[in-house]
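All remarks here apply to the structure that follows.
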Amino acid sequence: QVQVEETGGGLVQAGGSLRLSCAASGRPFTSPVMGWFRQAPGKEHILVAAIRRSEGTTDIADSVKGRFTISRDNAKNTVYLQMNNLTPEDTAVYYCTVGRAIFSNYHSYNYWGQGTQVTVSS
């Protein structure tokens, strides 16, 4: 069983920054991919960013490219989502997930955190 826990959400003004963290645990934790989805009110889950833990290669959604960065610390089984120049359109619940490959389909992942709210005020 894999446990996933996010931290770091909150309220920020437009143009501000937030850093989300996601720690995964389980014995052994071998999932090759960790990533972030977000879900705005009334909308579907959207893949924001994902990283291949071994190579460090990333997939970033076009809507956040240049503003968001995903990184990892494999020793801690942790990934980070650095979000800069936030806009009200980034307001959503952000969910961390782990998986065997990078899929854009939310249903392709088996393990999820509880989500953390990010609210960007104008």
Side-chain angles (χ1 to χ4, degrees):
Q1 188 72 11
V2 175
Q3 291 80 45
V4 180
E5 183 175 5
E6 310 98 336
T7 56
L11 173 65
V12 65
Q13 288 188 333
S17 298
L18 282 174
R19 188 193 195 205
L20 306 183
S21 299
C22 171
S25 61
R27 290 181 182 270
F29 179 68
T30 59
S31 296
V33 165
M34 295 182 72
W36 294 91
F37 279 73
R38 70 184 182 188
Q39 185 181 30
K43 297 191 176 180
E44 297 182 349
H45 291 82
I46 302 297
L47 178 64
V48 175
I51 188 166
R52 299 171 184 86
R53 296 173 65 239
S54 178
E55 302 91 344
T57 55
T58 63
D59 281 11
I60 308 291
D62 287 342
S63 60
V64 303
K65 199 167 290 184
R67 300 188 297 121
F68 290 15
T69 303
I70 187 169
S71 60
R72 90 290 194 206
D73 183 338
N74 288 343
K76 297 180 180 179
N77 292 336
T78 298
V79 294
Y80 306 97
L81 186 67
Q82 178 66 42
M83 305 185 294
N84 298 328
N85 194 21
L86 286 159
T87 73
E89 288 69 36
D90 296 314
T91 295
V93 178
Y94 284 71
Y95 296 91
C96 181
T97 186
V98 302
R100 54 184 176 83
I102 295 178
F103 302 104
S104 60
N105 188 332
Y106 166 80
H107 298 287
S108 297
Y109 297 84
N110 293 326
Y111 299 105
W112 294 88
Q114 78 285 356
T116 186
Q117 177 71 46
V118 171
T119 302
V120 185
S121 63
S122 57

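Worth knowing before you read on, the calculation uses all heavy atoms, side chains too, and leaves out hydrogens, waters and symmetry mates. The residues of the chain are indexed from 1 along the displayed sequence. All of these numbers come straight from a predicted model, not from anything done at the bench.
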Fill in the blank from the handout: The reported gap from OH in Tyr111 to CE in Met34 (rounded to nearest 0.5 angstrom) is 13.0 Å
Handout entry: Reported CG-to-OG distance for the pair Asn77 and Ser31, which is rounded to 0.5 angstrom
Key = 9.0 Å
Problem - Arg38 side chain reached by Leu81 side chain, heavy atoms, under 4.5 Å - result: no
Practice task
Say whether Leu47 and Val33 are linked into one hydrophobic cluster, either directly or through other cluster members, by side-chain heavy-atom distances under 4.5 angstrom.
Solution key: yes
Exercise for the section: Applying side chain to side chain contact (heavy atoms under 4.5 Å, CB included), run through Val118 and Met83 and close with a yes or a no. Expected result: CA-CA 10 Å; Val118 171; Met83 305 185 294; 3.9 Å; yes
Exercise for the section: Assess whether atom CD of Glu44 is packed by more than 12 heavy atoms of other residues, nucleotides or ligands within 6.0 Å. Expected result: no
Tell me which donor-acceptor pairs under 3.5 Å the side chains of residues 56-63 have, and how far apart each pair is, sequence neighbours excluded?
residue, atom, partner, partner atom, Å
Thr57, OG1, Arg52, NH1, 3.2
Asp62, OD1, Lys65, NZ, 3.1

Practice task
Would you list the pairs meeting salt bridge (Lys or Arg N to Asp or Glu O under 4.0 Å) in which at least one residue belongs to residues 106-120, sequence neighbours left out?
Solution key: none
Exercise for the section: Tell me whether Trp112 is reachable from Ile51 by hopping between hydrophobic residues (I, L, V, M, F, W, Y) whose side-chain heavy atoms are closer than 4.5 Å. Expected result: no
Handout entry: Where at least one partner belongs to residues 64-104, residue pairs that pass ring-ring contact (aromatic ring centres under 6.0 Å, His included), sequence neighbours excluded
Key = His45-Tyr95
Problem - Atom of Gly99, atom of Pro32 and distance for their closest heavy-atom approach - result: O-CD, 3.2 Å
Fill in the blank from the handout: Rounded to the nearest 0.5 angstrom, the CG-CZ distance for Asn85 and Arg67 is 6.0 Å
Handout entry: Any residue meeting side-chain hydrogen bond (donor to acceptor under 3.5 Å, both in side chains) with Arg72, in chain and number order, not counting sequence neighbours
Key = none
Problem - side chain to side chain contact (heavy atoms under 4.5 Å, CB included) against Gln13, all qualifying residues, sequence neighbours excluded - result: Ser121
Exercise for the section: Could you name each residue pair satisfying side chain to side chain donor-acceptor pair (under 3.5 Å) that touches residues 96-110, not counting sequence neighbours? Expected result: none
Handout entry: Partners passing side chain to side chain contact (heavy atoms under 4.5 Å, CB included) against Glu89 (at least two apart in sequence or in another chain)
Key = Thr87
Per-pair distances, 0.1 Å, donor-acceptor, side chain in residues 16-23, under 3.5 Å, sequence neighbours excluded:
residue, atom, partner, partner atom, Å
Ser17, OG, Asn84, OD1, 2.9

Fill in the blank from the handout: By side-chain hydrogen bond (donor to acceptor under 3.5 Å, both in side chains), Gln117 pairs with (sequence neighbours left out) Thr119
Handout entry: Residue pairs passing the disulfide bond (SG atoms under 2.5 Å apart) test where at least one lies in residues 48-84, sequence neighbours excluded
Key = none
Fill in the blank from the handout: Here the pair of heavy atoms bringing Ser122 nearest to Pro88 is CB-CG, 3.9 Å
Exercise for the section: Spell out, yes or no, whether Val64 and Phe37 are grouped together once hydrophobic residues are joined by side-chain heavy atoms under 4.5 Å, including indirect joins. Expected result: no
Exercise for the section: Answer yes if Val79 and Ile102 sit in the same cluster of Ile, Leu, Val, Met, Phe, Trp and Tyr residues linked by side chain heavy atoms under 4.5 Å apart, and no otherwise. Expected result: no
Exercise for the section: Sequence neighbours left out, what passes side chain to side chain contact (heavy atoms under 4.5 Å, CB included) with Glu5? Give chain and number order. Expected result: Gln114
